[in-house]
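The block underneath contains the structure these notes are about, expressed in structure tokens.
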2 protein chains.
Amino acid sequence: MNDKSSNISKRRRTARAKDNADYVAKRAEVLRAAAALFKQQGFHSTRLVDVAREAGLDRATIYYYAGSKEELLQDIVGGVLDTAIAAAEELRANAALTGMQRLHHIFVTLMASYEENYPATFVYIQEQMHQVGVQETEWAQAMMKRTRLFDRMLIDFIQEGIDEGDLRSDIPPRLHENALFGMLNWTHRWFVPGGGLTGYQVAESFWSIYTGGALTDAGRARMRTPLVLSAVTG
Amino acid sequence: MNDKSSNISKRRRTARAKDNADYVAKRAEVLRAAAALFKQQGFHSTRLVDVAREAGLDRATIYYYAGSKEELLQDIVGGVLDTAIAAAEELRANAALTGMQRLHHIFVTLMASYEENYPATFVYIQEQMHQVGVQETEWAQAMMKRTRLFDRMLIDFIQEGIDEGDLRSDIPPRLHENALFGMLNWTHRWFVPGGGLTGYQVAESFWSIYTGGALTDAGRARMRTPLVLSAVTG
């Protein structure tokens with residue numbers, strides 16, 4: 001229990017249930033303050049009292065808006081996922097687009113969103129994402145449900161790419177997805193915003209490798225001769 | 001402290017320092033028993049006493065060979081890395097090979113090794129790999145040093161591929177590496193040995209996407225016309 005008292009925890013729940021506009025606005029401000037601090041000094045060195053100060057609240061009042069910094073992180077990440085789902089739904093609804101255009105756009109959007117909401121997104125992928133499937137909290141179950149919904153849309157875009165003749169059909173849709181989004185998800189172990197490359201540059205480089213391959217035209221011609229691995233192993 | 005007594009911990013250190021052949025052979029047997037149990041029932045549900053029984057040792061004697069199951073896991077993973085380094089060194093020494101052949105072979109070898117040593121490799125990537133850079137234990141520092149050595153060889157193979165005209169030079173070597181090995185490393189979140197695909201099939205599919213791209217010939221021709229993302233965003 002991160003709450004200072006169960007009384008304020010009760011008042012917090014009541015305020016949320018009432019859908020009070022002032023409360024909602026102030027809480028959004030608390031979320032922005034938390035996101036800014038996480039970015040500035042990291043998630044693990046940020047305390048809830050720092051968030052309070054940043055949002056202009058005192059030590060006691062912050063608990064009226066948030067039970068813990070983990071709760072704020074979860075809200076930020078939930079918001080990122082909601083935004084991604086909304087973007088995918090918009091792409092799906094746009095009849096002028098091909099599956100490949102939808103896939104490209106959502107891929108670049110995700111990387112930009114990862115960078116924009118860093119390090120909350122980093123902490124989520126590193127520490128929480130693999131646990132939402134087994135955790136039974138309300139948040140974890142809602143995340144799992146929305147992750148599945150988002151995942152289904154990605155697979156649909158890939159299937160469209162295959163049906164429209166753009167993507168190779170000898171690779172199952174799930175492997176296409178794991179190859180493309182595996183490159184992106186693994187960035188959490190090496191990509192830090194503000195380094196040499198922007199998230200956009202990384203995403204476009206990966207997209208160009210995923211679609212066109214890493215070979216030059218000359219390399220492509222040479223690769224048509226199959227590699228003889230026996231020369232290595234035997 | 002996982003040791004039952006500091007006395008047996010002292011005896012263990014002495015036995016190792018002496019480089020006793022019987023001790024080394026018995027400890028190798030303990031490692032094999034641990035690997036088999038981790039595979040069979042998972043790392044977290046395996047206790048050191050289970051490893052003792054599997055290796056034909058009693059509860060007390062196992063501590064003569066291993067201080068904890070974490071130590072056994074670290075030894076297994078260290079062995080995997082050593083084997084990978086030896087394979088890369090052999091590939092590097094074989095003057096008949098191109099950079100692309102070296103890269104291909106080490107990529108497939110790594111995935112096979114991941115599968116073969118699962119779940120020790122899984123636990124390492126999920127829980128330990130990202131911490132070896134900051135931990136100060138002797139094991140973590142040795143792993144970091146060997147990881148850097150291995151990483152250097154991968155970058156060299158990629159640079160050879162670029163220099164030999166096979167790999168695109170518009171993508172920096174580090175991005176080539178993160179794209180290719182990112183696909184592979186992310187498999188720890190979705191690939192479970194014994195499912196529908198073997199590690200070899202996954203590795204070869206990813207290799208074919210990395211080298212040749214995920215597009216069909218028709219898709220490749222269409223993609224030469226740049227995507228108009230403004231149709232999506234505007």
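Throughout, a chain's letter reflects where its sequence line sits, starting with A, and its residues are numbered from 1. Being a predicted model, the structure only gives us computed values, none of them experimental.
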message = Pair B:M100, A:L215 - check side-chain contact (heavy atoms from CB on, under 4.5 Å), show working.
response = CA-CA 10 Å; B:M100 286 306 283; A:L215 293 176; 3.6 Å; yes
Measure [X] against the heavy atoms of chain A and call it side chain, backbone, both or neither at under 4.5 Å.
| X | value |
| --- | --- |
| B:I171 | side chain |
| B:A96 | neither |
| B:S208 | both |
| B:I162 | neither |
| B:I106 | neither |

ask   = What distance do B:H104 atom NE2 and A:M223 atom CE have between them, rounded to the nearest 0.5 Å?
value =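 Here the interatomic distance stands at 9.0 Å.
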If you count heavy-atom pairs within less than 4.5 Å of chain B, which of [options] leads?
| options | result |
| --- | --- |
| A:V202, A:T109, A:I125 | A:I125 |
| A:F181, A:W190, A:F206 | A:W190 |
| A:Q126, A:M129, A:E164 | A:Q126 |

A:R220 side-chain N/O to B:T211 backbone N/O, donor-acceptor pair under 3.5 Å =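 Here the side-chain-to-backbone pair does not exist.
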ask   = So, does B:T216 use its side chain to make a donor-acceptor pair with the main chain of A:G165 at under 3.5 Å?
value =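 Indeed, once roles are kept as given, a pair shorter than 3.5 Å links the two residues.
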inquiry  = So which residue, B:A218, B:G212, B:G161, ends up with the most heavy-atom pairs under 4.5 Å with chain A?
reply    =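 Greatest number of close heavy-atom pairs with chain A: B:G212.
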request  = Under 4.5 Å, counting heavy-atom pairs only, tell me which of B:G182, B:A214, B:A87 racks up the most with chain A.
outcome  =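 Greatest number of close heavy-atom pairs with chain A: B:A214.
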query = Is any side-chain heavy atom of B:L197 less than 4.5 Å from a side-chain heavy atom of A:L175?
reply =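 They are in side-chain contact.
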query = Is there side-chain contact between A:L180 and B:M183, with at least one heavy-atom pair below 4.5 Å?
reply =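 Side chain of A:L180 against side chain of B:M183, heavy atoms only: no contact under 4.5 Å found.
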ask   = What residue among A:T187, A:N185, A:L184 forms side chain to side chain contact (heavy atoms under 4.5 Å, CB included) with B:W186?
value =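 Among A:T187, A:N185, A:L184, the one that satisfies the side chain to side chain contact (heavy atoms under 4.5 Å, CB included) with B:W186 is A:N185.
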task = Could you pull out the closest heavy-atom pair between A:I209 and B:A179, with the gap in Å?
result =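 The pair with the smallest heavy-atom distance is CD1-CB, 3.9 Å.
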